[in-house]
Amino acid sequence: MAVAPLSQQEIEDRLADLPGWSVRDGRLTRTYRLGSHFAATALVVHIAGIQDELDHHSDLTLGYDSVALGVHTHSAGGALTAKDFELARRVEDIAPGHGAH
């Protein structure tokens with residue numbers, strides 16, 4: 001199922017509701033800093049579950065105490081779509097100290 005790319009205005013409007021997220025190199029990105037490697041690893045596992053549930057996957061990088069995401073929609077030619085922002089919102093909601101919206 002094709003997903004329509006968002007306009008620049010739609011992207012800016014949606015970013016306003018996701019503090020800490022930005023668009024870099026055409027991808028919706030965010031890095032979370034956590035208190036330990038174990039906490040960062042646990043967050044990766046939770047994010048992987050969300051991605052499988054949504055059938056939409058980001059580039060996900062685990063650092064010592066950090067997790068970085070970069071996402072765009074391949075089926076929309078690498079553009080940003082509502083699917084990317086849905087994934088970002090779901091991740092934001094479960095990220096320690098960042099969620100509970």
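Here OG1 of Thr73 is found 12.5 Å from NE2 of His57. Values are rounded to the nearest 0.5 Å.
Listed for the Arg24 side chain is no donor-acceptor partner under 3.5 Å among the backbone atoms of Gly70.
Remark: Asp59 pairs with Arg27 by the salt bridge (charged side-chain N to carboxylate O under 4.0 Å, His left out) rule, at least two apart or across chains. For Ala40, the side-chain contact (heavy atoms from CB on, under 4.5 Å) criterion is met by Leu34, Leu62, Val67, not counting sequence neighbours. The side chain to side chain donor-acceptor pair (under 3.5 Å) check on Arg90 picks up Glu53, with sequence neighbours excluded. Legend: residues meeting ring pair (Phe, Tyr, Trp, His ring centres under 6.0 Å) with His72, ordered by chain and number and at least two apart, are His74. Remark: Ala79 pairs with Pro5, Ala76 by the side-chain contact (heavy atoms from CB on, under 4.5 Å) rule, at least two apart or across chains.
A pairwise comparison of heavy atoms in Ser36 and Ala39 identifies OG-N, 3.0 Å as the closest pair. Closest heavy-atom contact between Ala88 and Leu18: CB-CD1, 3.8 Å. Annotation for Val71 and Leu80: closest pair O-CD2, 3.5 Å, computed over non-hydrogen atoms. Contact between Thr31 and Ala68 at its shortest, heavy atoms only, is OG1-CB, 3.6 Å. Counting all heavy atoms, side chain and backbone alike, Ser66 lies closest to Arg33 at CB-NH1, 3.1 Å.
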Enumerate donor-acceptor pairs with a distance under 3.5 Å from any side-chain N or O in residues 41-51 to protein atoms, sequence neighbours excluded.
from	atom 1	to	atom 2	distance (Å)
Thr41	OG1	His37	O	2.9
Gln51	OE1	Ser58	N	2.8
Gln51	OE1	Ser58	OG	2.5

- [ ] May I have the step-by-step check of side chain to side chain contact (heavy atoms under 4.5 Å, CB included) for Trp21 and Glu92, ending in yes or no?
- [x] CA-CA 9 Å; Trp21 289 82; Glu92 192 67 14; 3.0 Å; yes

*Give the C-alpha distance, both sets of side-chain angles, the deciding distance and a yes or no for side chain to side chain contact (heavy atoms under 4.5 Å, CB included) between Arg14 and Asp84.*
CA-CA 10 Å; Arg14 290 172 189 233; Asp84 303 311; over 6 Å; no

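With a 6.0 Å radius and a threshold of 12 heavy atoms from other residues, nucleotides or ligands, Asp25 has its CG atom at or below the threshold.
The side-chain heavy atoms of Leu54 and Glu86, taken from C-beta on, include a pair separated by under 4.5 Å. Between Leu28 and Leu69, every side-chain heavy-atom pair lies at or beyond the 4.5 Å cut-off. Residues Arg89 and Asp17 form a side-chain contact, since some pair of their non-hydrogen atoms from C-beta on lies under 4.5 Å apart.
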